[in-house]
Amino acid sequence: MGRLFVITLEGNIYSCKHCRTHLALSDDIVSKSFHCRHGKAYLFDKVVNVTLGEKEERMMITGLHTVVDIFCVGCCSIVGWKYEAAHEKTQKYKEGKFILERFKVFGPDGSYFATPHDATFGSSDADDA
């Protein structure tokens, strides 16, 4: 394995809850109205310090999407996913964007969302993007 280069962000930062590696800036949030199997999720225009998993087709609330899971480079924890392709015309705006699951990251104030007791353990997607 090669040397690990980690980008340090400045400003209001979202970071991995396991190792505190910086992942995104609050300025890059596109929407806070997404949901995943662990609760809330945010759609970001860009993220840093992640590696990409394998492409897969995933059926979500808003239709079929091609996605790749994203993993923190600091600890290899899964922190969300990237939309590679949306098969529904109305969902094309998601392509190339990233979801960070709030349960898996610290917010700018150091907070994170605990798993709600009534979390849905099925497909995930936006409620109202």
> Does the side chain of F103 reach to within under 4.5 Å of the side chain of K17, using non-hydrogen atoms?
Replying inline: yes
>> Regarding E84 and K82, does a basic nitrogen lie under 4.0 Å from an acidic carboxylate oxygen?
In response: yes
> Minimum heavy-atom separation for C75 to C19, with atom names?
Replying inline: SG-SG, 3.8 Å
> Passes side-chain contact (heavy atoms from CB on, under 4.5 Å), R58 versus D69? Steps please.
Replying inline: CA-CA 11 Å; R58 203 175 285 170; D69 287 332; 2.9 Å; yes
> Can you tell me how far the CD atom of E101 sits from the OG atom of S77, to the nearest 0.5 Å?
Replying inline: 11.5 Å
> If every non-hydrogen atom of M59 is compared with every non-hydrogen atom of G63, which pair is closest and at what distance?
Replying inline: SD-C, 3.6 Å
>> To check you understand the geometry: which heavy-atom pair defines the closest contact between H65 and A86, and what is its length?
In response: CD2-CB, 3.7 Å
>> So, taking the atom named OG in S31 and the one named NZ in K94, what distance separates them when rounded to the nearest 0.5 Å?
In response: 9.5 Å
>> Tell me the closest heavy-atom pair linking S15 and R20, and the distance in Å.
In response: CB-O, 3.6 Å
> Got a second to check how far T66's OG1 is from H87's NE2, nearest 0.5 Å?
Replying inline: 3.0 Å
>> Return the CD1 to CG distance between I70 and L23, rounded to the nearest 0.5 Å.
In response: 7.5 Å
> Any side-chain heavy atom of K55 sitting closer than 4.5 Å to one from V67?
Replying inline: no
> Are L64 and E57 close enough that some pair of their side-chain heavy atoms sits under 4.5 Å apart?
Replying inline: yes
> If you look at every heavy atom in L100 and A24, which pair is closest and at what distance?
Replying inline: CD1-CB, 3.9 Å
>> Quick check on the hydrophobic clustering: are L25 and V73 connected, directly or via other members, by side-chain heavy-atom contacts under 4.5 Å?
In response: no
> Is there a path from V30 to L9 through hydrophobic residues (I, L, V, M, F, W, Y) whose side chains come within less than 4.5 Å of each other?
Replying inline: no
>> I'd like to check V50 versus V79 (side-chain heavy atoms, cut-off strictly below 4.5 Å). Are they in contact?
In response: yes
> Picking from W81, F34, Y14, Y83, what satisfies ring-ring contact (aromatic ring centres under 6.0 Å, His included) with F44?
Replying inline: Y14
> Are there more than 12 heavy atoms of other residues, nucleotides or ligands under 6.0 Å from atom NZ of K46?
Replying inline: no
> Linking I/L/V/M/F/W/Y whenever their side-chain heavy atoms sit closer than 4.5 Å, directly or via other members, would L52 and V48 fall into one cluster?
Replying inline: no
>> Nearest 0.5 Å, please: how far is OG1 in T21 from CD1 in I13?
In response: 11.5 Å
>> Nearest 0.5 Å, please: how far is NZ in K104 from SG in C72?
In response: 12.0 Å
> For H22, which of V6, V47, I7, N49 qualifies under side chain to side chain contact (heavy atoms under 4.5 Å, CB included)?
Replying inline: N49
